[in-house]
*Asks:* 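Sending over a structure as structure tokens; questions will come in a sec.
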Amino acid sequence: MRASRTLIPTLKETPAEAEVASHVLLLRAGFIRRVAGGLYTWLPLGLRVMRKIEMIVREELDRFGAQEIQMPVVQPAELWRESGRWDVMGAELLRMRDRHERDYAMGPTHEEVVTDLVRRTVDSYKEIPLNVYQIQTKFRDEIRPRFGLLRAREFLMKDAYSFHLGEESLERTYRDMYDAYTAILTRIGVDFRVVEADSGTIGDGESHEFQVLAESGEDLMAYCPDSGYAANVEKAEALAPELSDESPNPIEKVETPGVRTIADVASFLGLESARCVKTLIVRGDQVPFVALVLRGDHELNETKAGRLDAVAAPVTFAGDEEVRAATGCSVGSIGPVGLDLPVYADRSAAAAVNCICGANEEGFHLTGVNQSRDFPDARVVDIRNVVEGDPSPDGGGKLAFARGIEVGHIFKLGDKYSVPMRLALQDGAGTEASLIMGCYGLGISRLVAAVAEQCHDDNGIIWPAPIAPFDAHILALDYSRSDVAEVVESLYEECLDAGIDVLLDDRDERPGVKFAESDLLGIPHRITVGVRNLAKGLVEYGRRGESARELLAPAEAVDRIRSG
RNA sequence: CGGGGCGUAGCGCAGUCUGGUAGCGCACCACACUGGGGGUGUGGUGGUCGCCGGUUCAAAUCCGGCCGCCCCGACCA
């Protein structure tokens with residue numbers, strides 16, 4: 001392609017709308033433009049990157065026996081009513097109505113459509129297992145789209161669905177997809193980590209996330225360098241601490257005027273926050289409110305708490321007035337001792353010896369509190385976030401943290417869709433059974449941004465070669481001179497003949513502009529042709545992200561690019 | 001939806017407090033110089049100051065309403 005005739009609207013300055021590196025750079029390099037919140041137009045270079053990722057995804061999935069299909073973006077409401085999600089899904093599901101007043105949804109995912117497909121087309125267990133996928137635009141009306149492509153409302157996703165009779169078959173395909181995702185991300189050349197995950201509202205079986213490592217990532221992962229354990233912090237189990245041999249003191253009520261927060265209590269009594277216990281009031285599932293007890297230095301894990309039967313999911317905190325009505329005092333003075341609510345104590349809070357908590361009386365706290373003696377009815381559960389240095393749940397060592405961007409997520413769905421949508425087949429013995437399913441998502445457009453987020457420097461993006469918009473960038477520094485133009489044109493032709501994707505900067509711009517923009521675009525190989533070196537019959541070769549430059553004869557350029 | 005910030009030329013911003021001729025840098029157009037890291041000079045083009053309404057002799061500026069964007073929280077590929 002010729003830069004002079006390609007739409008590459010680069011920006012010298014950082015647009016005010018962008019905050020994170022990938023968003024800034026993709027905008028500045030002219031890969032994307034925003035249309036409205038969470039909606040983007042893909043310009044030629046951005047689209048090339050996305051297409052290259054798609055091709056890698058197709059090759060790897062096809063290798064593992066998945067078959068590409070294409071389902072509609074617009075889906076009839078009946079299917080969603082059948083699965084029950086028409087009512088369960090909130091505003092995230094964009095709904096619309098056609099001229100006949102029929103309801104539709106803009107597809108945020110395709111479990112319903114694909115389940116309907118399989119129930120209508122597959123009539124024998126002999127056609128199972130089946131694994132189909134599509135690469136398609138999805139729409140989710142996100143509460144807050146942000147970070148450019150990283151959380152867009154409309155995005156390109158590869159979604160695959162597998163169908164099985166029997167856990168063993170599902171397990172095999174699940175492992176295949178795990179391997180396929182690993183192969184895809186490895187080929188792309190991005191640093192990633194696979195972590196155990198909570199399956200959220202989508203399924204209730206095993207689940208793994210594929211996280212691209214990036215400081216700006218929204219996800220926190222806990223991993224153990226010794227044992228290889230890795231999980232999203234949402235999921236990572238916090239083990240019960242070792243029992244202390246400290247002997248319990250008698251409980252005592254102390255006056256704590258105006259002391260409300262954990263930090264206040266700790267400093268007022270001259271103790272660490274780990275000695276304090278906090279009590280959070282959340283909505284219950286059967287009863288109006290439930291109390292959750294955590295150590296003062298720990299954070300509530302809302303995913304874990306939401307999974308408790310007694311707690312209404314998603315976790316919702318009681319308001320100040322509700323707390324007063326339920327406990328008789330304000331938020332800052334509640335404690336688990338003598339509290340007339342179901343109490344769930346985190347393992348660490350339950351193991352804490354002689355701790356401090358609110359006395360359920362304005363302006364008073366209790367000291368010397370011990371769960372087994374003082375609030376023995378509490379159920380002891382794991383509801384906190386792990387922290388760095390916690391023991392790894394597999395017993396292997398200590399947990400460390402890393403941040404990541406979730407680009408892929410694979411789930412075992414079980415019969416969550418096949419039962420309500422009545423997808424069943426007779427097995428070889430003539431017994432009818434519901435099929436079980438797996439589903440496997442990979443955010444293609446998010447991957448573009450995740451790679452940019454991980455692979456860049458101050459000057460621009462540094463694309464890994466397999467997904468770069470072009471393999472090579474030829475900079476013609478003095479294109480108006482016929483001797484330069486001649487060499488450049490024949491180099492360009494040679495590259496094309498050799499199957500090298502090449503962008504030729506044939507514009508009448510100053511060298512500084514060409515170099516700066518070339519860095520911004522991040523194409524791996526660069527050939528610079530200018531009068532100075534050409535007088536000696538040489539051109540310059542360099543790689544994006546490396547400072548080394550080599551001089552070589554134009555005839556050697558194609559080989560140099562090929563050899564990397 | 002709750003909290004915070006912002007909306008002035010294509011982009012980045014000043015001007016708003018204290019009402020009175022709409023500005024700067026970049027980009028763009030023309031010319032000249034320059035030609036290996038976003039160069040210099042001269043001359044130009046480009047604005048319903050987010051929208052609607054109000055106050056006022058006079059509104060980018062004050063008041064009210066609405067819309068949009070960004071950041072922090074809940075959601076997720």
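Computed from a prediction, not measured in an experiment: that's the story for all the values here. So you know, we letter chains A, B, ... as the sequences are listed, proteins then strands, and number each from 1.
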*Asks:* Reckon A/Lys12 has a side-chain N or O less than 4.0 Å from the OP1 or OP2 of B/rG37?
*Replies:*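 For B/rG37, OP1/OP2 do not have a side-chain N/O of A/Lys12 under 4.0 Å.
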*Asks:* Once you round it to whole Å, what is the distance between P of B/rC70 and CZ of A/Arg151?
*Replies:*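 After rounding, the reported distance stands at 14 Å.
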*Asks:* How would you label the contact of A/Arg507 with the nucleic acid (heavy atoms, under 4.0 Å): base, sugar-phosphate, or nothing?
*Replies:*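 If one applies the 4.0 Å heavy-atom cut-off, A/Arg507 turns out to touch nothing in the nucleic acid.
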*Asks:* Given B/rA77, B/rC72, B/rA74, which nucleotide is nearest the side-chain atoms of A/Glu406?
*Replies:*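 Of the options given, the side chain of A/Glu406 lies nearest B/rA77.
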*Asks:* Verify the stacking flag for A/Phe155 against B/rA77: centroid separation must be under 5.5 angstrom and the ring planes must differ by under 30 degrees.
*Replies:*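 Here A/Phe155 meets both the 5.5 Å and the 30° conditions.
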*Asks:* Please give, in whole Å, the distance from B/rG10 C1' to A/Leu7 CG?
*Replies:*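 Rounding to the nearest Å, CG of A/Leu7 and C1' of B/rG10 are 14 Å apart.
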*Asks:* Rounded to whole angstroms, how far apart are CG on A/Leu220 and P on B/rG73?
*Replies:*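 That distance rounds to 12 Å.
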*Asks:* Determine the Euclidean distance between corresponding C1' atoms of B/rG23 and B/rC33; express it in Å to zero decimal places.
*Replies:*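 These two C1' atoms come out 29 Å apart once rounded.
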*Asks:* If you measure from the P atom in B/rC71 to the same atom in B/rC31, how many Å do you get, rounded?
*Replies:*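 These two P atoms come out 43 Å apart once rounded.
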*Asks:* Can you tell me how far NZ of A/Lys416 sits from SG of A/Cys439, rounded to the nearest 0.5 angstrom?
*Replies:*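 Answer rounded to 0.5 Å: 10.0 Å.
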*Asks:* Could you tell me the separation between the CZ atom of A/Arg85 and the P atom of B/rC76, rounded to a whole number of Å?
*Replies:*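 It is 11 Å, rounded to the nearest whole Å.
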*Asks:* Under 3.5 Å, side chain of A/Gln136 to main-chain N/O of A/Met71, donor-acceptor pair present?
*Replies:*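 Side chain of A/Gln136 to backbone of A/Met71, a donor-acceptor pair under 3.5 Å: yes, one is there.
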*Asks:* Within the modelled atom types, does a donor on one side and an acceptor on the other bring the side chain of A/Arg28 and the base of B/rG38 under 3.5 Å apart?
*Replies:*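 It does, because a donor-acceptor pair links the side chain of A/Arg28 to the base of B/rG38 below 3.5 Å.
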*Asks:* So if I take every side-chain heavy atom of A/Ala16 and compare against B/rG12, B/rC71, B/rG38, which nucleotide ends up nearest?
*Replies:*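 So the side chain of A/Ala16 is nearest to B/rG12.
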*Asks:* Roughly how far, to the nearest 0.5 Å, is the CZ atom of A/Arg544 from the NE2 atom of A/His456?
*Replies:*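 Rounded to the nearest 0.5 Å, the NE2-CZ separation comes out at 10.0 Å.
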*Asks:* Using 30° and 60° as the class limits, which term best fits the ring planes of A/Phe210 and A/Tyr178: parallel, tilted or perpendicular?
*Replies:*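 Geometry flag for A/Tyr178 against A/Phe210: perpendicular rings.
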*Asks:* Taking OP1 and OP2 of B/rC72, is either one under 4.0 Å from a side-chain nitrogen or oxygen of A/Arg146?
*Replies:*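 Yes, A/Arg146 has a side-chain N/O under 4.0 Å of OP1/OP2 on B/rC72.
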*Asks:* Write down the distance separating the P atoms in B/rU16 and B/rC75, rounded off to the nearest Å.
*Replies:*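 The same atom, P, in both gives a distance of 43 Å.
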*Asks:* Given B/rA77, B/rC69, B/rC75, identify the nucleotide with an atom nearest to the side chain of A/Arg140.
*Replies:*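 Of B/rA77, B/rC69, B/rC75, B/rA77 is nearest to the side chain of A/Arg140.
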*Asks:* Mark up nucleotides 30-35 of chain B, 5' to 3', with B wherever a protein heavy atom is under 4.0 angstrom from a base atom, S wherever such an atom reaches only the sugar-phosphate, and - elsewhere.
*Replies:* ----BB
*Asks:* Taking pairing as Watson-Crick or G-U wobble with both contacts under 3.5 Å, can you name the mate of B/rG7, or confirm there isn't one?
*Replies:*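 Across any shown strand, B/rG7 pairs with B/rC67.
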*Asks:* Using the P atom in both, what is the distance from B/rG19 to B/rC57, to the nearest Å?
*Replies:*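 About 15 Å, rounded to a whole number of Å.
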*Asks:* Measuring only the C1' atom in each nucleotide, how far is B/rC11 from B/rA27? A whole number of Å is fine.
*Replies:*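 Roughly 7 Å separates the two C1' atoms.
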*Asks:* Which part of the nucleic acid, if any, lies within reach of A/Phe147 when heavy atoms closer than 4.0 Å are counted: base, sugar-phosphate only, or nothing?
*Replies:*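 Since only primed, P, OP1 and OP2 atoms lie under 4.0 Å of A/Phe147, the category is sugar-phosphate.
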*Asks:* Across the strands shown, which category fits A/Gly408 at heavy-atom distances under 4.0 angstrom: base, sugar-phosphate, nothing?
*Replies:*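 Result for A/Gly408 = sugar-phosphate.
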*Asks:* Nucleotide by nucleotide, 5' to 3', does protein get under 4.0 Å of the base (B), only the sugar-phosphate (S), or neither (-) in nucleotides 47-52 of chain B, counting heavy atoms?
*Replies:* ------
*Asks:* In whole Å, measure the gap between the P atoms of B/rG65 and B/rG3 for me.
*Replies:*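 Each nucleotide's P atom is 15 Å from the other's.
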*Asks:* I want to verify a distance call: between B/rG25, B/rA74, B/rC76, whose nearest atom is closest to the A/Glu13 side chain?
*Replies:*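 The answer is B/rG25.
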*Asks:* Do the ring planes of A/Tyr440 and A/Tyr174 sit parallel (below 30°), tilted (30 to 60°) or perpendicular (above 60°)?
*Replies:*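 Rings of A/Tyr440 and A/Tyr174: tilted, as their planes differ by 30° to 60°.
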*Asks:* Does B/rA32 pair with anything, Watson-Crick or G-U wobble, both distances under 3.5 Å, and if so, with which nucleotide?
*Replies:*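 B/rU40 - that is the nucleotide pairing with B/rA32, both distances being under 3.5 Å.
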*Asks:* Applying a 4.0 Å non-hydrogen cut-off, can you work out what A/Asp159 is touching in the nucleic acid: base, sugar-phosphate, or nothing?
*Replies:*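 Contact class for A/Asp159: none.
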*Asks:* Determine which nucleotide pairs with B/rU56, using a 3.5 Å limit on both distances of a Watson-Crick or G-U wobble pair.
*Replies:*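 WC or wobble partner does not exist here.
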*Asks:* Take A/Tyr104 and A/Trp80 through the test ring-ring contact (aromatic ring centres under 6.0 Å, His included) and record every step on the way to the result.
*Replies:* CA-CA 9 Å; A/Tyr104 292 86; A/Trp80 285 78; over 10 Å; no
*Asks:* If you check every side-chain atom of A/Asp219, which of B/rC76, B/rC72, B/rG36 has the closest atom?
*Replies:*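 Minimum distance to the A/Asp219 side chain belongs to B/rC76.
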*Asks:* With a 3.5 angstrom cut-off on both distances, give the Watson-Crick or G-U wobble partner of B/rG23, or none if there isn't one.
*Replies:*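 Answer to the pairing question: B/rC13, which forms a Watson-Crick or G-U pair with B/rG23.
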*Asks:* Which side-chain N or O atoms in residues 6-17 of chain A pair as donor and acceptor under 3.5 Å with protein atoms at least two apart or in another chain?
*Replies:*
residue: A/Thr6; atom: OG1; partner: A/Arg2; partner atom: O; Å: 2.6
residue: A/Thr10; atom: OG1; partner: A/Glu517; partner atom: OE2; Å: 3.0

*Asks:* Whole angstrom is fine here: how far is it from CD1 in A/Ile143 over to C1' in B/rC72?
*Replies:*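 Distance check: A/Ile143 CD1 to B/rC72 C1' gives 14 Å.
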*Asks:* Could you check which nucleotide pairs with B/rA74 in any of the strands shown, counting Watson-Crick or G-U wobble with both distances under 3.5 Å?
*Replies:*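 Result: none.
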*Asks:* Ignoring hydrogens and angles, does a donor from either the side chain of A/Arg144 or the base of B/rC75 sit under 3.5 Å from an acceptor on the other?
*Replies:*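 Looking at the base of B/rC75, it does not pair with any donor or acceptor on the side chain of A/Arg144 (distance under 3.5 Å).
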*Asks:* Tell me what A/Arg481 touches on the nucleic acid: a base, only sugar-phosphate, or nothing, going by heavy atoms under 4.0 Å.
*Replies:*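 No contact.
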*Asks:* Quote, to the nearest angstrom, the P distance that separates B/rC67 from B/rG44.
*Replies:*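 Looking at atom P only, B/rC67 and B/rG44 are 43 Å apart.
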*Asks:* Atom CD of A/Glu302 to atom C1' of B/rC75: distance rounded to whole Å?
*Replies:*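 For the pair A/Glu302 CD and B/rC75 C1', the rounded distance is 12 Å.
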*Asks:* Which is true for A/Gly37 with a 4.0 Å heavy-atom rule: it touches a base, it touches only sugar-phosphate, or it touches nothing?
*Replies:*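 The residue A/Gly37 makes sugar-phosphate contact but no base contact.
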*Asks:* Pick base, sugar-phosphate or nothing for A/Glu92, based on heavy-atom distances below 4.0 Å to the nucleic acid.
*Replies:*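 Counting heavy atoms under 4.0 Å across all strands, the contact made by A/Glu92 is with sugar-phosphate only.
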*Asks:* With a non-hydrogen cut-off below 4.0 angstrom, is A/Ala476 in contact with a base, only sugar-phosphate, or nothing?
*Replies:*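 No contact.
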*Asks:* Heavy atoms from C-beta onward define the side chain here; which of B/rC75, B/rA77, B/rG38 lies closest to that of A/Thr10?
*Replies:*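 Of B/rC75, B/rA77, B/rG38, B/rG38 is nearest to the side chain of A/Thr10.
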*Asks:* Once you apply a heavy-atom cut-off of 4.0 Å, does A/Val407 come out as touching a base, just sugar-phosphate, or nothing?
*Replies:*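 Sugar-phosphate: the residue A/Val407, judged by heavy atoms under 4.0 Å, touches backbone atoms but no base.
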*Asks:* Taking the C1' atom in each of B/rC51 and B/rG46, what is the distance between them to the nearest angstrom?
*Replies:*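 Pairwise C1' distance, B/rC51 against B/rG46, rounds to 22 Å.
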*Asks:* What's the separation between atom CE in A/Met221 and atom CD in A/Gln211, rounded to the nearest 0.5 Å?
*Replies:*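 Between atom CE of A/Met221 and atom CD of A/Gln211 there are 5.0 Å.
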*Asks:* Taking any strand in view, what nucleotide pairs with B/rC49 in a Watson-Crick or G-U wobble way, both distances under 3.5 Å?
*Replies:*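 Matched B/rC49 with nothing under the 3.5 Å cut-off.
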